[in-house]
Novice: 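One structure, as structure tokens, below. Some questions next.
Because the structure is predicted, anything quoted here is derived from the model rather than measured.
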Amino acid sequence: MNMTQIKTILTPLIGLAVAWLASKFPLLDQATWNTLVSSVVFAIVAVVMGMFTKTVTLAETVGSQPGTTVVTTPEIANATENKDVIAATPAIVTAVRAAGG
């Protein structure tokens, strides 16, 4: 399991825990408080998950284009099953720099 998978599993679980704890200590009437806290918590969860997965999604999208290869960090390359997304190695970095990229 890679870090992206761990983050995307833990983020909603943390959001659920925060919403549950907030429901136990309401600052307004229960219905209003639950609606407010749930809305805010899950909006934050959605934004955070988007931030965690945007680089992997970008690498997969570009790598799926015909004739393209994405050279990226080992973490991102390991987070995708796309064979056209590869990790940068010293040899690859040297070759890209020599080619003027």
Novice: If we only count heavy atoms from C-beta on, is the T55 to L58 side-chain gap below 4.5 Å?
Specialist: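 Sidechains of L58 and T55: no contact.
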Novice: Going hydrophobic residue to hydrophobic residue with side-chain gaps under 4.5 angstrom, can you get from V47 over to I14?
Specialist: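 In one cluster: no.
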Novice: Could you give the distance from CD1 (I6) to CG (L10), rounded to the nearest 0.5 Å?
Specialist: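 It is 7.0 Å, given to the nearest 0.5 Å.
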Novice: Any non-hydrogen side-chain atom of V70 less than 4.5 Å from a side-chain atom of D84?
Specialist: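 They are not in contact (no side-chain heavy atoms under 4.5 Å apart), so the answer is no.
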Novice: Decide yes or no for F42 and L16: does some side-chain heavy atom of the first lie under 4.5 Å from some side-chain heavy atom of the second?
Specialist: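 F42 reaches L16 side chain to side chain.
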Novice: Can you name the one residue among T72, N78, T73 that meets side chain to side chain contact (heavy atoms under 4.5 Å, CB included) with E75?
Specialist: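 It is T73, the one option of T72, N78, T73 that forms the side chain to side chain contact (heavy atoms under 4.5 Å, CB included) with E75.
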Novice: Rounded to the nearest 0.5 Å, how far does OG1 of T69 lie from CD1 of I86?
Specialist: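 Output value for this atom pair is 6.0 Å.
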Novice: In terms of hydrophobic clustering (I, L, V, M, F, W, Y; side-chain heavy atoms under 4.5 Å; direct or indirect links), are V18 and M49 co-clustered?
Specialist: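 Yes, V18 connects to M49 through the hydrophobic network.
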Novice: Between the main-chain N or O of V62 and the side-chain N or O of T68, is there a donor-acceptor pair closer than 3.5 Å?
Specialist: yes
Novice: Are any non-hydrogen side-chain atoms of V37 and S23 less than 4.5 angstrom apart?
Specialist: no
Novice: Which pair of non-hydrogen atoms, one from N82 and one from E60, has the smallest distance, and what is that distance?
Specialist: ND2-O, 3.5 Å
Novice: Which residue pairs satisfy the side chain to side chain donor-acceptor pair (under 3.5 Å) criterion with at least one member in residues 27-53, sequence neighbours excluded?
Specialist: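 Qualifying pairs: D29-T32, Q30-N34.
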Novice: Would L21 and L27 show up in the same hydrophobic cluster when neighbours are defined by side-chain heavy atoms closer than 4.5 Å?
Specialist: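 They do not share one cluster, since no chain of ILVMFWY contacts under 4.5 Å joins L21 to L27.
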Novice: Of the non-hydrogen atoms in P74 and A87, which two are nearest, and what is the gap between them?
Specialist: CA-CB, 3.7 Å
Novice: Compare every heavy atom of L28 with every heavy atom of L36, then report the nearest pair and how far apart it is.
Specialist: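 Where L36 meets L28 most closely, the heavy atoms are CD2-CD1, 4.4 Å.
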Novice: Above 12 or not: heavy atoms from other molecules or residues under 6.0 Å from CD of E81?
Specialist: no
